[in-house]
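Worth knowing before you read on, the calculation uses all heavy atoms, side chains too, and leaves out hydrogens, waters and symmetry mates. Since the model is a prediction, treat every value here as computed from it, not as a measurement.
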2 protein chains.
Amino acid sequence: MRTAEFDTEFVLRQAMHAFMQYGYAKTSMQKLKEVTHLHPGSIYAAYGNKKGLFLAATEQYQKDRNQQFTALFNDQQPILLTLKHYLTVIVDECIEGEVAKVCLLTKSISEVEGNDPQICSVLRGNLNAYENTLAEQLQKALDNNEFTTTKTPQQLARFLVMGIYGIRTYALTNQDSKALQQLADDLFVALIN
Amino acid sequence: MRTAEFDTEFVLRQAMHAFMQYGYAKTSMQKLKEVTHLHPGSIYAAYGNKKGLFLAATEQYQKDRNQQFTALFNDQQPILLTLKHYLTVIVDECIEGEVAKVCLLTKSISEVEGNDPQICSVLRGNLNAYENTLAEQLQKALDNNEFTTTKTPQQLARFLVMGIYGIRTYALTNQDSKALQQLADDLFVALIN
DNA sequence: CCTTATCTTGAACATACATTCAAGATAAGG
DNA sequence: CCTTATCTTGAATGTATGTTCAAGATAAGG
């Protein structure tokens with residue numbers, strides 16, 4: 001006889017950003033309480049516990065990413081051109097991105113591996129889906145004769161995500177935007193050759 | 001008038017493996033106490049606190065890695081051949097490696113980024129040194145005319161570490177050894193073309 | 001062999017953490 | 001406008017954490 005008051009998307013995005021910045025373990029319920037403007041009771045009523053909130057935030061993250069991805073790749077430009085642009089978007093995120101300097105999925109799976117198999121398998125699923133989405137785009141590019149290759153779309157997609165994960169990790173060691181952009185360019189060339 | 005009894009290398013390697021498995025935050029002093037067979041007093045006397053122990057473990061890790069690296073690259077074989085072999089060693093680590101499935105440096109910097117700038121800068125220093133070591137080897141390979149390129153050794157090294165970081169992260173999402181080896185091969189080809 | 005400096009031991013401590021719960025507030029249904 | 005179901009509030013709880021410290025043990029120096 002009463003409806004929940006808080007804005008789910010706001011809460012999940014705030015939580016998502018905290019988890020991205022501090023990691024899973026170091027994001028305390030205290031912090032989550034603050035950024036979501038929710039009291040512990042409400043959080044536990046809505047998401048069960050910290051893990052539940054994290055998984056919900058992960059889902060929101062995946063949704064937001066998919067939307068961004070679809071928006072980019074649904075223009076009518078050649079796929080490869082969009083892909084090249086997509087890589088620069090990632091590079092920019094790695095540098096400025098006050099809000100999303102890292103990928104929540106890879107950061108979390110790296111931290112949680114060896115601690116929580118359940119969270120791991122959810123994250124693995126999301127990352128595999130991401131890889132498949134890229135494979136689809138590469139397949140389309142091949143169908144359009146945008147480039148030729150001896151490799152399968154799966155193999156290409158795997159190489160591409162490896163490169164993206166690598167760039168993201170490299171950015172933690174070196175914040176030079178020219179170096180990162182160079183990496184993105186080299187990766188793109190390696191992909192289509 | 002009394003000498004310390006415990007074996008420093010043993011203690012640091014045990015701590016190192018715990019940090020690799022559970023991460024910095026989730027490796028409790030309790031756990032460290034267990035794996036090092038040390039009592040809290042001894043740990044705090046020798047290393048100050050958890051962070052001190054972690055940094056000492058990191059140093060040991062770096063030493064061990066350098067030794068492994070030097071052993072591999074100091075044979076009299078062509079550098080590129082050794083490099084190719086080195087990549088398969090990394091791939092193997094990612095799969096079986098009960099002891100060292102991950103790189104302590106990249107795993108830790110990913111976790112600690114945004115929490116502890118001091119640890120971060122130490123790790124960044126170590127990873128930059130790693131990149132420079134690879135650049136030296138690539139320079140040597142170029143001096144030996146093992147391959148030709150339009151890129152600088154620094155650029156090549158950057159691409160290589162990006163690939164290695166990427167393979168390590170990808171391994172968290174997919175434990176298929178053939179896929180990982182394929183990635184390593186593709187990376188190698190992209191590097192020398 | 002005694003002294004003394006240093007190491008080892010493990011119980012104790014304060015803090016920070018995730019989580020619970022009972023009381024108060026409030027929106028919808030009749 | 002009253003009832004009731006549900007949400008909100010925030011203090012309280014128990015546990016786990018990193019850390020300290022004083023007492024006991026032990027190796028080296030004279």
Closest to side chain of [X], choosing from [options]:
| X | options | answer |
| --- | --- | --- |
| B/Asn49 | C/dA18, D/dT19, D/dG18 | D/dT19 |
| A/Pro40 | C/dA18, D/dT20, C/dT20 | C/dT20 |
| A/Lys50 | C/dT8, D/dT17, C/dA18 | C/dA18 |

Original post:
Relative to the 5' end of DNA chain C, which residue comes earlier, A/Lys26 or A/Gly41, by the nucleotide with the nearest heavy atom?
Top reply: A/Lys26

Pairing partner (Watson-Crick or G-U wobble, both distances under 3.5 angstrom) of [N]:
| N | answer |
| --- | --- |
| D/dG18 | C/dC13 |
| C/dA28 | D/dT3 |
| D/dT9 | C/dA22 |

**OP:** May I ask you to decide whether A/Glu93 forms a salt bridge with A/Arg65, counting only side-chain N to carboxylate O separations under 4.0 Å?
**Re:**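 Looking at A/Glu93 and A/Arg65, the cut-off is met.
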
Euclidean distance, atom [atom1] of residue [X] to atom [atom2] of [N] [Å, nearest integer]:
| X | N | atom1 | atom2 | answer |
| --- | --- | --- | --- | --- |
| B/Lys31 | D/dT17 | NZ | P | 10 Å |
| A/Met29 | C/dC17 | CE | P | 11 Å |
| B/Leu38 | D/dG18 | CG | C1' | 16 Å |
| B/Phe6 | D/dA25 | CZ | P | 21 Å |
| A/Ile43 | D/dG10 | CD1 | P | 13 Å |
| B/Tyr44 | C/dA11 | OH | C1' | 15 Å |
| B/Leu32 | D/dT17 | CG | P | 11 Å |
| B/Lys33 | C/dT9 | NZ | P | 11 Å |

**OP:** Determine, using ring centers only, whether A/Phe10 and A/Phe6 are less than 6.0 Å apart.
**Re:** no

**OP:** State whether A/Tyr44 and A/Lys50 meet the cation-pi test: NZ (Lys) or CZ (Arg) under 6.0 Å from the six-membered ring centroid, and within 45° of the perpendicular axis.
**Re:**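 That pair does not qualify as a cation-pi contact.
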
Original post:
Side chains of B/Asn126 and B/Tyr130: do they bring a donor and an acceptor to under 3.5 Å?
Top reply: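 Absent: no donor and acceptor within the cut-off.
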
Subject >> N/O (side chain, B/His39) to phosphate O (OP1/OP2, C/dT8) under 4.0 Å >> reply: no

Subject >> Option among A/Ile164, A/Val161, A/Leu127 that satisfies the side chain to side chain contact (heavy atoms under 4.5 Å, CB included) test with A/Thr106 >> reply: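 Among the candidates, only A/Leu127 passes.
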
Original post:
Is A/Ser42 touching bases, backbone alone, or none of the nucleic acid, heavy atoms closer than 4.0 Å?
Top reply: base

